[in-house]
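See below for the structure under consideration.
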Amino acid sequence: MSEPKKVGRRKFLYAVVGLVALVSIGTLAYVFWPKAEKPKTQAEYPEEVYKWAERIKEKFGGKTLTVAAVAHPSTDAFKVLTSDFEALTNIKVKWVIYTETSYFDKILLIASGQEVPFDLMYTCAEIIPGFAKQELVIPVDAYLSSRELTPEWFNLNDIIPAYLNYMKTDDKIYGIPFAGETIFVAYRKDLFEKYNKNPPTTYDELLELAKFFNKKEENLYGLSIRCAKSWEAAWSWISFAYGFGGKWVDLNTLEPKFSSPETVNSLKYFVELVKYGPPGIEAFSFEEAWAAFQTGKTAMLVESTAAAPSIEDPTKSSVAGKVGYIKFPKGPAGECAGVWGWGISIPTGAPKEMREAAWNLILWLTSELNADRYLKNGGIVSRLTPLKKMEHGYDKAIIDSLEAANSKLSKELLIAYTLPISFEMTGIVSELVSRAITGEMSPEDACKQMDKQIDELLKPYRG
Amino acid sequence: MFSPNFFTHLLKKYYPVILVLPAITTVLILVIYPLFMSLQTSFFKWTYGTPWSQAEYVGLKNYYWVFFGGDYLFYVSLQLTVVYVIFQVLGSFFVGLFIAVLLDKLPRGGSLFTSFFIIPMVIMPAVAGLMWRLYFTYDGLVNYFVETLFRIKINWFSTEYALIALSLASIWITAPFFILVFYAALTSLPQSPIEAARVDGASELTILKDIKLPMLKPIIFVTLILRTIEALRSFDLPYVTFGGGPGSATEVLAIHINRIAFQFRQLGAGSVLSLFLILLVVIMCSLLINKLKESWVT
């Protein structure tokens, strides 16, 4: 047996140097080797998002998605998010924006067509049941249940259930909500402290406070609330109607219940409440209702929770930082707060080959992944986690109002509001509430007329 | 049989028909067909957004519903439309005539001022409507002037004032039409009778009243009729400014039709109302045509 050869010192040194050189070259090559370039985006995303985007790019890159939308703070936020979607997937997104007032008329006409010129469209609590019944929008449950089509970063479970519910009909989901809202009260903390008053917790207190603050100071009125004839008067009144123990429609018999004493009383109360608003309140749409409060003209604002970010924005509101928030007051029959909001759906008549691409855009815009950027850019919250992270003090009031929105009365209200005739019903109710507010007819006569007209609409559904 | 002469003969015989054929086709497609569709729809109960196959024949029920109490706002709306049309047409007529006479009196620069006055006419009514909606708010521009002049503030969005506010906004938009037409007419009037009257010592007011206005009569009549037709069917400005509200304060006929057909989704009843509006416009048009015939004869 021969002895093992001894490695010389020099050779050992060469080997070490060689090894070090190899490692160094490897490291340098790793650092400086040109990598596959990531698309330029405004934000950084986890690796899985890039992989997801790459897959979509291969399938739909170079194509265009058209979205029918309304002018809304969330649309502005979506537009910001869209630029990264376009950069990642090479899909172009075209926004066709309507005003809220004209949208309902137009979208019904467009969606009823054989070929819909939009891949996506905004829908909302009022139109989903009717659209679902007429099969004008597709259910998205199949997409949601597929792990391949719905990545984990979307997180459906984080969407506030009360909001997801308004996109559901017959246990199927017809789109994803993105700007949910319920009703609450914003009040001027400084004025309430000055006059040693507590925020309202009941309807009686709300009325008393509105009376108290009305003309208490120069150019100050009790409260601001939307009362415009289009659909907004109905929006404001319905929560009071159910809170009083009244009803619009008996859901078991599908009989209108506008003439019940509770419903009539609620309208009387509402008409009385509106008297303590600023001049012109009878024509207030939500913009004017917000503006009156934000310019310091009213002590309270009974409005959608969507108003909160705008109230706290010092560039838009002279009362930012001076406002307290409280859930919608309790009525004689209990807590009740309506839930409304926008969602985004895929029209049945849209090009079928683009449905998956459209679904991916929905995921991108409404996902938990982009929730923070969506909110930062003015989007209205519809997820629980970002809501809890808010620091303005209105988060608690919104969460409390959402609890109220889960009450038995609120659920009944939501179903009534989303009957297939809700679109026409809201129009009729709004018009008559508006006439009661202006004194053209008494609340009793307005309710009688509602009963008569809604009865005609409900007849075909009673079987 | 089909000799070249035959075709030449045919072409000669039907030459006038060939010339008017494009116009007739256009009218058939864009006017007669929709009119026929409206007439047909008026006999059906058809919910907006549902296919035509679901429409149900109801005979004259829609007519009965509209004219005999079912549509409780129809007569209110008709009344409002009449008031609105009178306010708008007469208001813009007098404003237009007044400014046109003033412009005519200017030694020079009349055309320049006319271009300035035309601005409201070229602004889209929807944009003008939004602008006036802002001006009419309680702390808006209109109340600023009203308060400065009369020490009061008006709630223009109340039922008492909404129609007046709407009429004022519409006068602002439509008066330039009268300014333009009357100014052009005044500048092209024959000067000899006017100069003769001046020589005879007639005052400017007498000249206007007894010479200029009688000479402008056909133009005044035609413009009034044209504006009345426009005012009857005006939708954009009332819709954007007040949306028919508050209550029913500004629910003119066109707004009412829109609400019945598209908000309440009753296309049948909406068609009845549309046909009624068309009938009103046709009556106005026949008046216009008769008057034009008279002026051509004379």
Side-chain angles (χ1 to χ4, degrees), chain A residues 99 101-102 104-112 114 127 130-131 133-134 136 219 221 227-233 278-285 287-288 291-292 295 297 420-421 423-428 430-441 445-446 449 452-453 456-457 460, chain B residues 45 47-52 54 56 61 65 69-73 76-77 126 129-130 133-134 136-140 142-143 152-162 165-166 236 239-251 255-256 258-267 269:
Chain A
T99 61
T101 347
S102 64
F104 293 109
D105 295 348
K106 285 207 174 84
I107 205 64
L108 186 59
L109 189 68
I110 292 166
S112 317
Q114 293 279 318
I127 61 175
F131 273 34
K133 194 173 168 281
Q134 291 175 45
L136 299 179
N219 212 15
Y221 299 91
C227 296
K229 187 184 177 180
S230 56
W231 49 270
E232 290 164 303
I281 192 169
E282 48 273 71
F284 272 14
S285 69
E287 292 107 326
E288 282 130 351
T295 50
K297 269 187 210 151
I421 56 141
F423 193 71
E424 302 95 301
M425 184 165 66
T426 312
I428 292 168
S430 262
E431 187 219 309
L432 290 158
V433 171
S434 176
R435 296 187 78 195
I437 290 171
T438 55
E440 275 184 48
M441 60 201 312
D445 288 345
Q449 193 59 250
K452 196 177 157 195
Q453 292 206 48
E456 282 295 315
L457 293 177
Chain B
K45 188 179 181 195
T47 308
Y48 174 55
T50 58
W52 172 248
Q54 287 179 19
E56 181 196 340
K61 263 189 184 172
W65 186 82
D71 179 9
Y72 61 94
L73 270 184
V76 176
S77 161
L130 284 174
R133 188 177 165 87
L134 282 176
F136 280 123
T137 52
Y138 198 65
D139 294 316
V142 177
N143 265 352
I152 52 158
K153 267 180 154 184
I154 294 171
N155 178 9
W156 294 102
F157 288 89
S158 64
T159 37
E160 293 86 4
Y161 291 100
L166 178 64
D236 35 20
Y239 184 72
V240 174
T241 323
F242 291 94
S248 57
T250 57
E251 185 141 330
I255 297 278
H256 187 60
N258 177 64
R259 282 172 63 74
I260 296 289
F262 302 112
Q263 203 169 6
F264 301 168
R265 295 168 70 183
Q266 297 177 37
L267 288 176

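- What you find for A:G280 and B:F157 is that their closest heavy atoms are CA-CB, 3.8 Å.
- In this structure, chain B has heavy atoms under 4.5 Å from both the backbone and the side chain of A:E431.
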Practice prompt. Output, in order, the C-alpha distance, side-chain angles, deciding distance and verdict of side chain to side chain contact (heavy atoms under 4.5 Å, CB included) for A:K229 and B:R259.
Written response: CA-CA 11 Å; A:K229 187 184 177 180; B:R259 282 172 63 74; 3.7 Å; yes
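- Among A:M441, A:K452, A:Q453, the residue making the largest number of heavy-atom pairs under 4.5 Å with chain B is A:Q453.
- Chain A forms the most heavy-atom pairs under 4.5 Å with one residue out of B:F262, B:Y161, B:W156, and that residue is B:F262.
- Most heavy-atom pairs under 4.5 Å with chain A: of the set B:E251, B:E160, B:Q263, this distinction falls to B:Q263.
- Not counting sequence neighbours, the partners of A:R435 by the salt bridge (charged side-chain N to carboxylate O under 4.0 Å, His left out) test are A:E440.
- Heavy-atom contacts from other residues, nucleotides or ligands closer than 6.0 Å to NZ of B:K153 number more than 12.
- Taking every heavy atom of both residues into account, A:S434 and B:G247 meet most closely at OG-N, 2.7 Å.
- We find the OH-CG distance between B:Y72 and A:L432 to be 3.5 Å, quoted to the nearest 0.5 Å.
- If you take OH on B:Y138 and NZ on A:K297, they are separated by 10.0 Å, rounding to the nearest 0.5 Å.
- Every side chain to side chain contact (heavy atoms under 4.5 Å, CB included) that B:A162 has, sequence neighbours left out, goes to B:F242, B:P246, B:A249, B:T250.
- In this structure, no portion of B:I154 lies under 4.5 Å from any heavy atom of chain A.
- Salt bridge A:E288/B:R133: present, at least one basic N to carboxylate O contact under 4.0 Å.
- Between B:T47 atom OG1 and A:I421 atom CD1 the span is 11.0 Å, to the nearest 0.5 Å.
- If you measure heavy-atom distances from A:I437 to chain B, you find no contacts under 4.5 Å at all.
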